[in-house]
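Reminder, nothing fancy here: chain letters follow the sequence lines and each chain counts from 1.
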Amino acid sequence: MLQLQAIRDRKDEIIKALKKRNIDAAPLVQNVLELDEKRRSTQTKLDNTLAEANKLSKEIGLFFKAGKAQEANVLKEKTGTLKEDSKRLGDDLNTVADELQAILYQIPNVPHQSVPAGNTDEDNEEVFKEGEIPTLNTDALPHWDLAKKYDIIDFELGVKITGAGFPVYKGKGARLQRALISYFLDKNTEAGYTEMQVPHLVNEASGFGTGQLPDKEGQMYHVGEDDLYLIPTAEVPVTNLFRDEILSEKDFPVCYTAYTPCFRREAGSYGAHVRGLNRLHQFDKVEIVRVEHPENSYKALDGMVEHVKTILRELKLPYRILRLCGGDLGFTAALTYDFEVFSTAQDRWLEISSVSNFETYQANRLKLRYKDENGKNQVAHTLNGSALALPRVLAGILENYQTKEGIQIPEVLVPYCGFDKID
RNA sequence: GGAGAAAUGGCAGAGUGGUCGAAUGCACUAGUCUUGAAAACUAGCGAGGGUCACACCUCCGGGGGUUCGAAUCCCUCUUUCUCCGCCA
């Protein structure tokens, strides 16, 4: 969530920037400022009441010690109203603080100045494009047909044991998945990211920390018995490693990578575009996460983008990079670059990575801070990106690398697969 | 799952009703000394709110209660440890 201090200091600027998301934040911001004012005045009243009560208590103690029970009892009677007052003020304070919190949760992150205005993915700005789009035979197949033809992914079997959106990878398909995971992790660790293995279920506090809760509750699978959530991305457990932490400046940059399966309910998704691997309830992803000094976070973001580029180059997949417009930008992000691979057989772009800077938005919720050169605690910046999400990379490989003789394996993956062709 | 013990600052660890946000040690930061480092010495050193700055307020696992007053007493939840059971 946004920092209260920032809203106080830069109210108009924030309202203006949020217009790029096509929302009029003015009423919410106004509400925040009023509640903040109320909160502080209530707090002051409560503090004064408590201060007086503390003072009286000390005096009473001294009287008792001196054996002056009479005087002590006189003072005791005075504490009654103070107690009532502080109880009432405490309740008021909680109510106001909760209201304030609830409204702060409703305000999305302020878009970076480079974010283009716009409503839908049509308005995203293409900033880079690379790679040759292969010319395929006229009988080229989309990946779901290829998966069947070569018996490497079984969607029906997944339906049988779990449900739609839970594919079963078989034989060389399974091996290719494992190869991709290893390859991505190797690339990321070579680039300086430390590999982590983290839990695939998280508690409620973690969901709040990275912003999945409270607004995207319906998108996560929830285990009611234990009140845990299946992670929708490794971003959640990895970023939450730093919840309630105070780093020192020399800890930067923090660079982590983790492979996890990701679970998403995808409530409300349907249609032709969700066929095959395009949209799943469970999929694999290798994530990169960084915690940065505010001054370096955009440089870090550029570095992450460059890093993802090198992977796609090695895989020789045609891709483009989009700068997301305000309307398409995630709730918690300040700036996001989406990577899309062109699927020739489907004749469309598939999103395979999303790299974002959250600035202080997540860190503020997480209470992720660092000590600056003056010894003051400051909120850090968090970033993350996919490097990469497997299913659509797999789709891209299957579709773009298909030949009459079978599916070629990209050269860099051959050592990881142990074969160079699926036929 | 059963029985018992525990939860205090970055870590270790005192503190069982009042002057305790909390002794002490370690770690850390700055300074003195040193060619430099170490050692020694000196000082500082939790977080949040509030204030121009002070004052002041809150926090001793979470929540609730008793009391004029709670780290300390009571209830409850969570977690950790030990023993037993089960087990990849």
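- Listed by first then second residue, pairs satisfying salt bridge (charged side-chain N to carboxylate O under 4.0 Å, His left out) with a partner in residues 168-192 of chain A read A:D151-A:K170, A:D154-A:K170, A:K187-A:E314, not counting sequence neighbours.
- Using the Watson-Crick or G-U wobble rule with both distances under 3.5 Å, B:A43 pairs with B:U29.
- Each of A:L82, A:D47, A:D85 was evaluated against A:E52; a single residue qualifies, A:L82, per the side chain to side chain contact (heavy atoms under 4.5 Å, CB included) test.
- In this structure B:C73 sits in a base pair with B:G65, meeting the Watson-Crick or G-U test at under 3.5 Å.
- In this structure A:D251 satisfies the side-chain hydrogen bond (donor to acceptor under 3.5 Å, both in side chains) test with no other residue, sequence neighbours excluded.
- Rounded to a whole angstrom, the distance from the P atom of B:C26 to that of B:U42 is 12 Å.
- A search for side chain to side chain contact (heavy atoms under 4.5 Å, CB included) contacts involving A:P199 returns nothing, not counting sequence neighbours.
- B:G21 and B:C59 are spaced 10 Å apart, taking the P atom of each and rounding to whole Å.
- In this structure, A:T79 reaches the sugar-phosphate backbone alone: every heavy-atom distance under 4.0 Å involves primed, P, OP1 or OP2 atoms, never a base.
- Taking atom C1' on both nucleotides, B:G46 is separated from B:U32 by 28 Å, rounded to a whole Å.
- Following rounding to the nearest Å, A:K68 (NZ) and B:C68 (C1') show an atom-to-atom distance of 17 Å.
- Every pair passing side chain to side chain donor-acceptor pair (under 3.5 Å) that includes a residue from residues 89-100 of chain A is listed here, sequence neighbours excluded: A:K87-A:D91.
- Look at B:U35: it lacks any Watson-Crick or wobble partner with both distances under 3.5 angstrom.
- One atom, CG of A:D251, and another, C1' of B:C28, lie 13 Å apart when rounded to the nearest Å.
- Here, B:G10 and B:A6 have their P atoms 24 Å apart, quoted to the whole Å.
- As rounded to the nearest Å, B:A47 and B:G9 have P atoms that lie 13 Å from one another.
- Judged by Watson-Crick or G-U wobble contacts below 3.5 Å, the nucleotide B:G1 has B:C84 as its partner.
- Remark: B:U78 base-pairs with B:A7. Criterion, Watson-Crick or G-U wobble with two distances under 3.5 Å.
- With sequence neighbours left out, the side-chain hydrogen bond (donor to acceptor under 3.5 Å, both in side chains) criterion links A:Q212 to A:T210.
- Look at CD1 on A:I60: it is 8 Å from P on B:C68, rounded to the nearest Å.
- Applying the side chain to side chain donor-acceptor pair (under 3.5 Å) test to pairs two or more places apart or on separate chains, those with a residue in residues 18-27 of chain A are A:N22-A:N119.
- Taking only side-chain nitrogens and oxygens, A:K83 comes nearer than 4.0 Å to OP1 or OP2 of B:G69.
- Rounded to the nearest Å, the gap between the P atom of B:C68 and that of B:A22 is 26 Å.
- The same atom, C1', is picked in B:C20 and in B:G69; the two are 13 Å apart, to the nearest Å.
- Relative orientation of the A:F263 and A:Y221 rings is perpendicular, given thresholds of 30° and 60° on the angle between their planes.
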What string of B, S and - do you get for nucleotides 45-66 of chain B, 5' to 3', when a contact is any protein heavy atom under 4.0 Å?
--SSBSS----SSS--------
When you compare the protein's N or O atoms with those of nucleotides 75-80 of chain B, which come within less than 3.5 Å of each other, and at what distance?
none

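- Checking B:A14 for Watson-Crick or G-U wobble geometry (two distances, each under 3.5 Å) identifies no partner in any strand.
- Taking the charged nitrogens against the carboxylate oxygens, A:K309 and A:E306 do have a contact shorter than 4.0 Å, which makes a salt bridge.
- Look at the C1' atom in both B:U8 and B:G62: the space between them is 15 Å, to the nearest Å.
- Among residues two or more places apart in sequence or in another chain, the side-chain hydrogen bond (donor to acceptor under 3.5 Å, both in side chains) test is passed with A:D9 by A:Q5.
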